[in-house]
Amino acid sequence: MELANKNALLNPCPPFYRGEEVSGDVIDSEYFVGYGFKKSLLAVQQAVMIYCLENQQSF
């Protein structure tokens with residue numbers, strides 16, 4: 001992130017682990033938006049599942 005452009009954001013693909021995929025310093029920085037994204041991702045996944053279940057076709 002030291003080499004990233006100003007206003008860059010880091011949104012790693014879940015799951016991500018502190019100290020493995022992403023350093024603790026970066027997770028604690030203003031660049032990191034992963035937790036907010038991960039929280040939103042669950043709602044999106046649930047909506048897709050509900051849509052698919054409601055629109056099943058009988059074969």
Side-chain angles (χ1 to χ4, degrees):
M1 292 307 298
E2 292 174 357
L3 300 175
N5 294 333
K6 186 178 179 181
N7 298 324
L9 299 176
L10 176 64
N11 184 13
C13 187
F16 49 84
Y17 298 97
R18 179 181 289 271
E20 292 182 25
E21 291 88 4
V22 183
S23 72
D25 291 343
V26 173
I27 288 177
D28 295 334
S29 75
E30 62 189 32
Y31 299 111
F32 190 78
V33 295
Y35 292 126
F37 175 80
K38 193 172 182 180
K39 183 178 177 181
S40 300
L41 183 60
L42 178 60
V44 171
Q45 290 171 332
Q46 290 173 336
V48 169
M49 289 179 64
I50 290 169
Y51 175 82
C52 290
L53 290 171
E54 289 178 347
N55 293 293
Q56 287 184 21
Q57 295 181 5
S58 299
F59 293 98

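Counting all heavy atoms, side chain and backbone alike, G34 lies closest to P12 at CA-CD, 4.1 Å.
Residue pairs that meet the salt bridge (charged side-chain N to carboxylate O under 4.0 Å, His left out) test with at least one member in residues 41-54, sequence neighbours left out, do not exist here. Evaluation of the salt bridge (charged side-chain N to carboxylate O under 4.0 Å, His left out) test over residues 6-15, restricted to residues two or more places apart or in two chains, returns none. Under the ring pair (Phe, Tyr, Trp, His ring centres under 6.0 Å) criterion, the residue pairs touching residues 5-25 are F16-F32, F16-Y35, with sequence neighbours excluded.
A search for side chain to side chain donor-acceptor pair (under 3.5 Å) contacts involving D28 returns R18, not counting sequence neighbours. Under the side-chain contact (heavy atoms from CB on, under 4.5 Å) criterion, Q45 pairs with L41, L42, not counting sequence neighbours. Under the ring-ring contact (aromatic ring centres under 6.0 Å, His included) criterion, Y31 pairs with no residue at all, not counting sequence neighbours. When the ring-ring contact (aromatic ring centres under 6.0 Å, His included) test is applied to F37, no partner is found at least two apart in sequence or on another chain. Here A43 pairs with nothing under the side-chain contact (heavy atoms from CB on, under 4.5 Å) rule; sequence neighbours left out.
When hydrophobic side chains of Ile, Leu, Val, Met, Phe, Trp and Tyr are connected at separations under 4.5 Å, L3 ends up as a singleton with no cluster partners.
Of the residues listed (L9, V22, V26), the one engaging M1 in a side chain to side chain contact (heavy atoms under 4.5 Å, CB included) is V26, and it is the only one.
Linking Ile, Leu, Val, Met, Phe, Trp and Tyr whenever their side-chain heavy atoms come within less than 4.5 Å leaves I27 and V33 in two separate clusters.
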